[in-house]
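Data block below; observations after.
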Amino acid sequence: MKKLLFNVMFTVLAGAAMAQQPVDYVDPFIGTTNFGTCNPGAVCPNGLMSVVPFNVMGSADNKYDKDARWWSTPYEYTNSYFTGFAHVNLSGVGCPELGSLLLMPTTGELDVDYKNYGSKYEKETATPGYYSIYLKKYNVLAEATATLRSGLARFTFPKGKSNILLNLGEGLTNETGAFVRKVSDTEIEGMKLLGTFCYNPQAVFPIYFVMRVSKAPIESGYWKKQREMQGVEAEWDQHSGKYKIYDKYGKDIAGDDIGVWFTYNTSENEEIEVSVGVSFVSIDNARENLDKEQAGRHFAAIHQEAREKWNADLGRIMVEGGTKEQKTVFYTALYHTLIHPNILQDVNGQYPSMEGDEILTTKGDRYTVFSLWDTYRNLHQLMTLVFPERQIEMVKTMIDMYREHGWLPKWELYGRETLTMEGDPSLPVIVDTWMKGLRDFDINLAYEAMYKSATMPGKDNLMRPDIDDYITKGYVPLMEQYDNSVSHALEYYIADYALSTLAKELGKKDDAKMFYNRSMGYKNYYCKEYGTLRPILPNGEFYSPFDPKQGENFEPSPGFHEGNAWNYTYYVPHDVKGLAKLMGGKKKFVDKLQMIFDKGYYDPANEPDIAYPYLFSYFKGEEWRTQKIVKMLLEKYFKPTPDGIPGNDDAGTMSAWAIFSMMGFYPDCPGVPEYTLTAPTFDKITISLNPKYYKQKQLVIEVVDDEKNTDGYIKRIEMGNSSCGYRVKHNSLVESGTLRFYK
């Protein structure tokens, strides 16, 4: 009896210990509805491969369909019709792309029309590196896991005739065209064209793949949807406009809508595994990626390896206290920040050059998916603090892109520049990294690249095509009613301010003065009549008629992109005190900023105003507002539910906001190595620091109860052994090793 009790107690304690691992708090379903555009698929940290359930086509029962509206994610939580696993996907973005190589298990007679072969499902489960789903139509359990560059699916079939389909015609991408070749009874290889992200027509690229099944089929072949013929041709061709099955042809096949099928006689609960290796260089590299990363191992081993990778990365930040729900929000947010940017190079180091046809080789990691208009604000600052070895490689990648293409990236995707959104967002990222002491990259070449985009005339300037007026007038005039001119200029001001600080650091005094003066040009847009920034016409007059609220809910807005004047007026993080002076002083600045929150003008789902809550703390006595509003925003918009992100996660940017806010500090000015402090969510937070870059092994953040404090707000903060204010320098923080909030 004692032995039985001991075993029961040991099991309970062991289970409790396992539940405390960071990986177990992650819920990949968070952000999979409410336009969060995240997905619950299997992926490794910063991995090239992701294996994601595709449920956004083929059925009228789905609420959201990729072909019926603007849609940018392969998965929506409220949908119910599964049409396969997509290989290589984007997380939290706003434009449709990738989400192809759709792998689907079926049973019964072969049907290759996704509108027919899709299935309702239930019993979805997802943890980092693993996803499973039960297909009701077929009584099939479908599971997925991944390595860095390959995916592995496991299908558990019932007794009878079963099929495995690889659909190369469908996906999120707007590009078409693929080819496939049979290598053996159990292996195929091929290529599919991807690209035109955000409808940039030339930003296309191929994905190469090798697929293997663990068991030889009894039959296999291809399919292709034939073009619809007219007149006499249509009369004699029975497949006109229909899917044609090829069961007696085994050579190469190509087309816009093609696929491969394998048919089996399966026994009850028979498992068949399907592995897919990919490369953006060649089929041979896809095969090598698959061979080296899976190395003949089966599903359980690959899944365990992915889980361990996630637990190691998530464990760099350990939190204590708080609720289970808060830990779920925190670790899921950290999980989302570790998806993009992701590696691009193959196991042999090869990768496609930026905007070129060359195949190059890297010694370190080559990254891709630089959604910089989003991530320059906070995600790269998180990488610098917690994963500096990766941030350095990301910066080196950006500089190498300049070597290869002549420009730093704006919104790069698999070696193509999509030019999505505006500004010059590489500059604050590189400057921020350098100013925080991570300097293992060619700063002189980086400065050359930044100087080029900040000074080259507009007709030749890929990053700043409207720079001419910006230089001569200090602002970008409104040339067309909805041309986003103010948004463009505000981004340039921030980039130029960052560049001025770097120029000063490098001893380039004249450059520093020039770029600083430019960064103050935002004052041209300030309109006393409305107390906001306001578009300016080419003749120097303010745009009329003007409504500061025009632009709500993504409606067109003169001068502003994805927002309105209230979302952008305080977007001058490099000169908060100067903006306050323009507005008539501290009180008017604070009252108007508070009004933005009180009247619901603040948009938590988009980037321009996400730092607003932290601006109160620039003024003594107003710090409590930051603490109150940040807490309110976290509780209202970040939840352990599928709608638990307020909108597009934007490649981890919204998640990074939540992580910093829950830890009690935020980098509210990109390019400036400082943080504004607020009340942490947890009692204790321990951040492991990489000893190659930081003197201390860890940064410990604690909340200490102060019995004299009755209102619940932070009244005193200590960094190391000394008191500090509500803004701290990065180097001082990491060198102190401790940050204590007295509450």
Side-chain angles (χ1 to χ4, degrees), residues 26-44 47 49-59 61-67 71-93 96-106 114-115 117-146 150-157 164-168 170-173 211 259 272-276 278 299 302-303 306 332 335-336 339 642-643 649:
V26 176
D27 181 358
F29 289 106
I30 292 175
T32 57
T33 190
N34 190 37
F35 301 97
T37 65
C38 297
N39 65 70
V43 63
C44 286
M49 171 60 77
S50 57
V51 188
V52 174
F54 200 93
N55 73 348
V56 292
M57 69 177 188
S59 173
D61 292 335
N62 279 343
K63 183 177 180 181
Y64 300 102
D65 187 280
K66 74 178 184 70
D67 296 320
W71 197 250
S72 63
T73 177
Y75 176 90
E76 221 292 336
Y77 185 79
T78 61
N79 279 1
S80 59
Y81 194 72
F82 176 84
T83 49
F85 285 129
H87 294 77
V88 184
N89 302 266
L90 297 175
S91 174
V93 302
E97 192 49 78
L98 305 179
S100 63
L101 309 182
L102 300 179
L103 182 65
M104 180 72 187
T106 69
Y114 66 87
K115 294 179 181 178
Y117 72 59
S119 172
K120 296 279 189 176
Y121 56 86
E122 61 184 15
K123 301 177 184 177
E124 283 186 284
T125 61
T127 58
Y130 175 80
Y131 174 87
S132 70
I133 189 172
Y134 174 73
L135 305 182
K136 297 166 67 174
K137 182 176 181 178
Y138 301 117
N139 188 26
V140 168
L141 175 65
E143 302 168 276
T145 188
S150 73
L152 182 61
R154 179 168 66 186
F155 302 131
T156 304
F157 289 104
I164 293 174
L165 315 177
L166 180 67
N167 188 329
L168 297 171
E170 290 295 332
L172 277 185
T173 182
M211 186 184 105
I272 297 178
E273 294 185 351
V274 184
S275 54
V276 178
V278 296
F299 194 92
I302 300 294
H303 171 208
T332 304
Y335 166 81
H336 283 142
I339 295 177
D643 63 350
D649 195 34

Can you tell me how far apart [atom1] ([X]) and [atom2] ([Y]) are? Round to the nearest 0.5 Å.
| X | Y | atom1 | atom2 | answer |
| --- | --- | --- | --- | --- |
| Met57 | Glu170 | CE | CD | 4.5 Å |
| Asp649 | Thr32 | CG | OG1 | 11.5 Å |
| Ser100 | Phe54 | OG | CZ | 9.0 Å |
| Leu166 | Met104 | CG | CE | 12.5 Å |
| Ile30 | Thr332 | CD1 | OG1 | 3.5 Å |
| Ser150 | His87 | OG | NE2 | 9.0 Å |

Under the side-chain contact (heavy atoms from CB on, under 4.5 Å) criterion, do Thr145 and Tyr131 qualify, and how do the steps go?
-> CA-CA 7 Å; Thr145 188; Tyr131 174 87; over 6 Å; no
Taking [X] for its side chain and [Y] for its backbone only, find out whether a donor-acceptor pair lies under 3.5 Å.
| X | Y | value |
| --- | --- | --- |
| Asp65 | Asn62 | no |
| Ser50 | Val43 | no |
| Asn167 | Leu101 | no |
| Ser119 | Phe82 | no |
| Thr37 | Thr73 | no |
| Thr33 | Asp643 | no |
| Asn79 | Asn55 | yes |

Would you name the heavy atoms of [X] and [Y] that are closest together and state the gap between them?
| X | Y | result |
| --- | --- | --- |
| Thr83 | Tyr114 | CG2-O, 3.9 Å |
| Leu103 | Pro105 | O-CD, 4.2 Å |
| Leu141 | Ser132 | CD1-CB, 4.4 Å |
| Gly171 | Leu102 | N-CD1, 4.3 Å |
| Ala153 | Phe85 | CB-CD1, 4.2 Å |
| Ala144 | Val51 | CB-CG1, 3.6 Å |

Quick one: ring pair (Phe, Tyr, Trp, His ring centres under 6.0 Å) partners of Phe29, sequence neighbours excluded?
-> Tyr77
Could I get the full list of side-chain contact (heavy atoms from CB on, under 4.5 Å) partners for Ser275, not counting sequence neighbours?
-> Leu152, Arg212, Leu290, Gln294
Residue pairs, two or more places apart or on separate chains, that pass salt bridge (Lys or Arg N to Asp or Glu O under 4.0 Å) and touch residues 118-135 = Asp61-Lys120
Would you say that [X] contacts [Y] through its side chain, given a criterion of any heavy-atom pair below 4.5 Å between the two side chains?
| X | Y | result |
| --- | --- | --- |
| Pro28 | Val26 | yes |
| Glu97 | Thr173 | yes |
| Pro96 | Lys66 | no |
| Pro40 | Pro53 | yes |

With respect to Thr106, which candidate in Phe155, Phe157, Tyr117 satisfies the side-chain contact (heavy atoms from CB on, under 4.5 Å) definition?
-> Tyr117
